Amino acid sequence: KRVPKGTSSYQAVWMLSDDEEDNFSGESEEGSEGEDEEFEDVQSSQDEAEDYDVHFDAEEEAEELRKFRQACDHEQFPDELDTPIDIPARVRFQKYRGLKSFRTSPWDAKENLPRDYSRISQIANFRNIRKHLLKPVDRQVPSGAFVHVFIENVPVAIKDSSRGSVVIFTLLEYEQRMSVQHVLQQRHVLSEAVVKSKEQLLVQVGFRRYVVSPIFSQHTKSDKHKMERFMPNSGTFMASFYAPITLTDSPAMIFKMEGDGTVSLLSTGAVHSCDPDRIICKRIVLSGHPCKVHKRSAVVRYLFYNREDIAYFKTNRGKD
């Protein structure tokens, strides 16, 4: 649509196009008052709707709707699951264990780990190593000073392809090794996307950028941290993923990769630590329908569907 220069998209919606003006029988008799006015082409909301219909992906929209419904159910009934009818509960939940107290019950961080997990690096005392490697040295260049940097054996192709500024960085000791990195995040105010744990996202940590599948968890002082099935909309949370070690308090940002090649900002924060022994527990609550409630016990229906499951959970998980 052709409108006067400087017209906003909201104002352009209320202005008639050339074809619409021709439909009116009356003509203005005030002369050519705006003949010297500059015009520009803008995209109206109708054109944007047509573009949306062209690039509409039914499968992607159905997946987003399914994730949105799951997030609403999780927000209303956190960690609650219905016992499946076709699979025995002792088989479906065999990887879970009962805890008397989520905060005080013991849990071995080295238990049942895959063999490849031993290949990643572990720093015994992350804060002390960070303080030792970041302490000031005698021959340190002051911040903001102009220096000449001479680099040997630079390929000619890099010199010809470089345009504008060149970023130079270096790695501290141990920063070339892989570990489990934890970044403390907070949801961006303009982000409304539903993001599940283990979804493929783009992470920018300092000068590094990589594609990871982070696991979201609560940020608490306990030795065990509850996993979040979806990225929280409020408060701080922790995102954990495999990545090279970062010893500095570098800023960390998480982006969502769109289908058209663009990215949208989800959360911002900073590097918290690199600790492979951080315990992230996936918590579930089996739900049923209470029929009778006594003083110290209750009768719950639809919690289990066969006698073997009742005996198994009563023996191995406590009294049900």
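Computed from a predicted structure; not experimentally measured.
Looking at heavy atoms from C-beta onward, Pro232 lies out of side-chain contact with Arg187 at the 4.5 angstrom threshold. Inter-residue side-chain proximity for Pro276 and Ser179 is flagged as met; some heavy-atom pair is nearer than 4.5 Å. Met257 has its side chain within reach of Val211: a pair of non-hydrogen atoms, C-beta onward, lies under 4.5 Å apart. When side chains are defined from C-beta on, Tyr117 counts as touching Val180, because their heavy atoms get closer than 4.5 Å. At least one side-chain heavy atom of Val205 sits less than 4.5 Å from a side-chain heavy atom of Val271. In this structure, the side chains of His294 and Ser297 come closer than 4.5 Å at one or more pairs of heavy atoms. Between Ser240 and Ile280, some side-chain heavy-atom pair lies under the 4.5 Å cut-off. Using a 4.5 Å heavy-atom cutoff, the side chains of Ser287 and Phe77 are not in contact.
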Please tabulate, for the side chains in residues 241-256, all donor-acceptor contacts under 3.5 angstrom to protein atoms that are two or more places apart in sequence or on a different chain.
residue, atom, partner, partner atom, Å
Thr246, OG1, Gln181, NE2, 3.3
Thr248, OG1, Ser250, OG, 2.6
Asp249, OD1, Arg130, NH1, 2.7
Asp249, OD1, Arg130, NH2, 3.3

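Ser105 places a side-chain N or O within 3.5 Å of a backbone atom of Ser101 that can act as its donor or acceptor partner. When atom types are taken as modelled, the side chain of Thr220 and the backbone of His225 share no donor-acceptor pair closer than 3.5 angstrom. Panel note: side chain Asp309, backbone Pro88; no donor-acceptor pair is recorded below 3.5 Å. The closest donor-acceptor contact from the side chain of His188 to the backbone of Leu190 lies under 3.5 Å. Checked by atom type and distance alone, the side chain of Glu63 never pairs as donor or acceptor with a backbone atom of Leu65 at under 3.5 Å. Judged purely by atom type and a 3.5 angstrom limit, Ser217 has no side-chain atom pairing as donor or acceptor with the backbone of Lys226.
Considering only residues two or more places apart in sequence or on other chains, Phe237 meets the ring-ring contact (aromatic ring centres under 6.0 Å, His included) condition with Phe216. Every residue two or more places apart in sequence or in another chain was checked for a salt bridge (Lys or Arg N to Asp or Glu O under 4.0 Å) with Arg278, and none qualifies. Remark: Arg283 pairs with Asp79 by the salt bridge (Lys or Arg N to Asp or Glu O under 4.0 Å) rule, at least two apart or across chains. The ring-ring contact (aromatic ring centres under 6.0 Å, His included) test applied to His272 returns His219, not counting sequence neighbours.
For Glu75, the CD atom is loosely surrounded, since the number of other residues' heavy atoms within 6.0 Å does not exceed 12. Heavy atoms of other residues, nucleotides or ligands lying less than 6.0 angstrom from CD of Glu59 number 12 at most. Applying the 6.0 Å contact sphere to CZ of Phe102 captures more than 12 heavy atoms from other residues, nucleotides or ligands. The local environment of CZ in Phe126 is crowded, with over 12 non-hydrogen atoms from other residues, nucleotides or ligands closer than 6.0 Å.
With hydrophobic clusters built from ILVMFWY side chains whose heavy atoms lie under 4.5 angstrom apart, Leu81 does not share a cluster with Leu99. In the hydrophobic cluster analysis, where Ile, Leu, Val, Met, Phe, Trp and Tyr join through side-chain heavy atoms closer than 4.5 angstrom, Val147 is grouped together with Ile151. Tracing side-chain contacts under 4.5 Å through hydrophobic residues (I, L, V, M, F, W, Y), one never reaches Val203 starting from Leu265; they form parts of separate clusters. Linking Ile, Leu, Val, Met, Phe, Trp and Tyr whenever their side-chain heavy atoms come within less than 4.5 Å leaves Trp107 and Leu113 in two separate clusters.
Rounded to the nearest 0.5 Å, atoms CE (Met227) and CD1 (Ile279) are 15.5 Å apart. Once rounded to the nearest 0.5 Å, the distance linking CZ of Arg92 with CD1 of Ile284 reads 6.5 Å. Separating the CZ atom in Arg177 from the CD1 atom in Ile123 is a distance of 8.5 Å, to the nearest 0.5 Å. The CG atom of Leu133 sits 12.5 Å away from the NZ atom of Lys131 when rounded to the nearest 0.5 Å. Leu202 CG to Leu266 CG: the interatomic distance, rounded to the nearest 0.5 Å, is 10.0 Å. Atom OG1 of Thr83 and atom OH of Tyr302 lie 13.0 Å apart (nearest 0.5 Å).
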Inset, instruction - Applying side chain to side chain contact (heavy atoms under 4.5 Å, CB included), run through Phe313 and Leu303 and close with a yes or a no. - result: CA-CA 11 Å; Phe313 279 88; Leu303 187 60; over 6 Å; no

Legend entry - Check against side chain to side chain contact (heavy atoms under 4.5 Å, CB included), Lys110 and Asp277: CA-CA 7 Å; Lys110 304 292 186 181; Asp277 288 344; 3.0 Å; yes

Legend entry - Test side chain to side chain contact (heavy atoms under 4.5 Å, CB included) applied to Glu175 and Arg208, step by step: CA-CA 11 Å; Glu175 284 195 337; Arg208 288 167 164 169; 4.2 Å; yes

Legend entry - Steps toward side chain to side chain contact (heavy atoms under 4.5 Å, CB included) verdict (Val194, Phe230): CA-CA 7 Å; Val194 179; Phe230 296 89; 3.8 Å; yes

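No side-chain donor-acceptor contact under 3.5 Å links Gln185 and Thr268.
Ion pair Arg66/Glu61 not flagged as a salt bridge, since none of the NZ, NE, NH1 or NH2 atoms sits closer than 4.0 Å to an Asp/Glu carboxylate oxygen.
Between Tyr96 and Phe93, the ring planes are perpendicular. Angles over 60° get that label, and only those under 30° would be called parallel.
Pairs of residues two or more places apart, or lying in two chains, that qualify as salt bridge (Lys or Arg N to Asp or Glu O under 4.0 Å) and include a residue from residues 188-204 are Lys67-Glu199.
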